[in-house]
Amino acid sequence: MNVSLKVTVNGEPREIAAGSSLDDLLRSLELDPRMVVVEHNRSIVRSPHLRERRLEEGDQVELVHFVGGG
Amino acid sequence: MTTTVDTQTDPPLVIGTRAFRSRLMVGTGKYRDNATMVRAIEASRAEVVTVAVRRVDLNRTKQDGILYHLDPDRFFLLANTAGCFTADEAIRYARLGREAGFNEFVKLEVIGDRDTLLPDTAGLIEAAGTLAKEGFQVMAYTNEDLISALRLEDAGCAAVMPLASPIGSGLGLLNPYHIRVIKERLTVPVVVDAGVGTASDACVTMEQGVDGILMNTAIAEAQDPVAMAHAMGLAVEAGRVAYLAGRMPRREIAVPSSPTTGLLD
């Protein structure tokens with residue numbers, strides 16, 4: 001199967017292989033799961049669950065981290 | 001000679017479940033580079049260091065998260081909700097910050113106006129109540145307004161953070177009277193947040209009796225941020241000790257310091 005899904009990551013449209021998990025998404029973006037917080041359709045997914053959480057068509061993903069601020 | 005007041009006898013600043021030796025808290029925004037930021041924070045001797053929660057920039061290959069530069073074992077990282085204009089947004093950011101971070105503390109901001117960045121106190125009180133019930137230790141950035149401060153304390157805040165003047169303005173302490181009134185009436189710690197421009201501002205603010213100060217721009221935008229951070233650390237300590245020492249009364253007339261007797265004819 002070579003079907004891809006359309007998802008939105010940090011507000012930008014992206015395509016990812018069907019059946020991909022959030023962990024797969026982070027790997028494809030070369031992000032270290034320890035340094036990023038993942039919000040999937042508005043719910044926070046902790047790192048132990050990133051592999052089991054599959055992406056579906058139209059999903060909204062936010063990847064956030066700490067930056068400088070006051 | 002012994003002194004009755006020094007920093008050894010000053011108890012630590014206790015906020016919620018945590019005790020801090022330093023009464024200066026510093027932000028991490030607006031530095032020209034990360035190396036300067038780290039050196040400035042070290043020079044300030046602050047323990048509490050604020051950070052913001054933002055999207056990872058997926059178009060940049062370089063990792064630019066602040067955790068690549070700041071050791072969370074050395075500093076107490078306080079996530080803020082800067083940039084939030086509603087209670088719901090602030091609650092969402094607070095939850096993300098808790099996941100990204102290492103503690104239950106949040107510096108809660110709900111901004112009501114883009115030009116002045118003054119807080120939306122209704123949204124603030126709503127968000128504070130929700131987050132306190134979720135187990136957050138909420139430190140709420142608010143106006144120098146007693147009633148808002150009391151409502152935030154009632155909502156369960158661990159500390160209330162009235163402003164000296166608007167964020168990033170460097171205008172210093174505009175309303176010392178209201179800051180004193182808030183400090184006198186609240187049970188939870190009062191940490192003045194925002195508006196300090198230079199060391200004298202920090203010193204005068206601490207002389208009002210508040211428990212601490214949080215600042216960012218005054219250090220980050222100084223010509224020499226590391227030197228200013230050092231000055232701010234000294235000023236906060238000087239202001240604190242001066243407050244504990246108790247200042248002389250103000251008088252409208254002069255009183256000579258030298259003897260008025262024994263003068264020559």
Side-chain angles (χ1 to χ4, degrees), chain A, chain B residues 25-34 37-38 41 49-70 72 77-83 88 92-93 95-102 107 109 117 141 167-168 193-194 214-221:
Chain A
M1 260 201 356
N2 209 7
V3 183
S4 65
L5 300 172
K6 288 190 179 66
V7 296
T8 304
V9 183
N10 285 6
E12 295 175 9
R14 287 200 176 250
E15 292 201 2
I16 190 163
S20 293
S21 67
L22 288 169
D23 188 65
D24 295 329
L25 174 68
L26 289 187
R27 282 170 195 278
S28 73
L29 296 168
E30 297 178 357
L31 292 172
D32 181 346
R34 292 169 302 177
M35 304 300 261
V36 177
V37 177
V38 181
E39 195 195 61
H40 181 215
N41 295 334
R42 287 273 180 154
S43 78
I44 292 169
V45 182
R46 295 195 166 139
S47 49
H49 304 293
L50 292 172
R51 276 187 197 162
E52 64 208 49
R53 186 71 79 92
R54 301 282 156 198
L55 285 160
E56 305 283 349
E57 180 79 14
D59 277 2
Q60 305 275 334
V61 180
E62 294 287 350
L63 306 173
V64 303
H65 63 171
F66 281 153
V67 300
Chain B
M25 307 179 185
V26 296
T28 54
K30 302 194 235 181
Y31 280 94
R32 66 174 78 105
D33 56 68
N34 286 310
M37 174 194 73
V38 171
I41 293 170
V49 174
T50 61
V51 292
V53 176
R54 289 293 181 271
R55 281 174 167 167
V56 175
D57 186 349
L58 301 177
N59 300 316
R60 277 182 66 167
T61 48
K62 207 174 125 215
Q63 303 280 14
D64 60 349
I66 201 140
L67 293 182
Y68 288 95
H69 307 284
L70 272 185
L77 297 186
L78 174 62
N80 71 27
T81 65
D88 286 346
R92 184 184 183 195
Y93 274 67
R95 289 171 181 159
L96 289 167
R98 178 160 64 176
E99 290 304 316
F102 309 87
K107 193 195 109 173
E109 292 185 28
L117 298 179
Y141 162 72
I167 295 171
D193 179 10
L214 170 56
M215 65 179 75
N216 185 347
T217 310
I219 297 173
E221 289 192 356

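Reckoned from all heavy atoms, side chains included, excluding hydrogens, waters and symmetry mates. Since we're looking at a predicted model, the values are computed, not measured. Proteins come first, then strands; the chains are lettered A, B, ... in the order of their sequence lines, and each starts at number 1.
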In terms of heavy-atom pairs under 4.5 Å with chain A, the winner among B:Leu67, B:Leu96, B:Asp193, B:Asn216 is B:Leu96
Minimum heavy-atom separation for A:Val64 and B:Val53, please, with both atom names.
CG2-CG1, 3.8 Å
Please assess B:Leu58 against A:Arg14 for the test side-chain contact (heavy atoms from CB on, under 4.5 Å), listing each intermediate value before the final yes or no.
CA-CA 11 Å; B:Leu58 301 177; A:Arg14 287 200 176 250; 3.6 Å; yes
Output for pair (A:Leu29 CG, B:Asn59 CG), nearest 0.5 Å, gives 10.0 Å
If I measure from the heavy atoms of chain A, does B:Ala82 come under 4.5 Å with its side chain, its backbone, both, or neither?
neither
Are more than 12 heavy atoms, taken from residues, nucleotides or ligands other than A:Arg46, located less than 6.0 Å from that residue's CZ atom?
no
Name the option with the most non-hydrogen atom pairs under 4.5 Å to chain A; the candidates are B:Arg55, B:Arg54, B:Lys107.
B:Arg55
Nearest heavy atoms of A:Gly68 and B:Ala52, plus distance in Å:
O-CB, 4.0 Å
Sequence-distant partners of A:Arg42, salt bridge (charged side-chain N to carboxylate O under 4.0 Å, His left out), two or more places apart:
none
List for me each residue that meets side chain to side chain donor-acceptor pair (under 3.5 Å) alongside B:Arg32, sequence neighbours excluded, and say none if there are none.
none
For A:Phe66 versus B:Ala79, what's the shortest heavy-atom pair and its separation?
CE2-CB, 3.7 Å
Can you say whether A:Val38 sits under 4.5 Å from chain B via the side chain, the backbone, both, or neither, judging by heavy atoms?
neither
Tell me, for A:Val67 versus chain B, whether the close heavy atoms (under 4.5 Å) come from the side chain, the backbone, both or neither.
both
Are side-chain heavy atoms of B:Asp57 and A:Asn10 found at a separation under 4.5 Å?
no
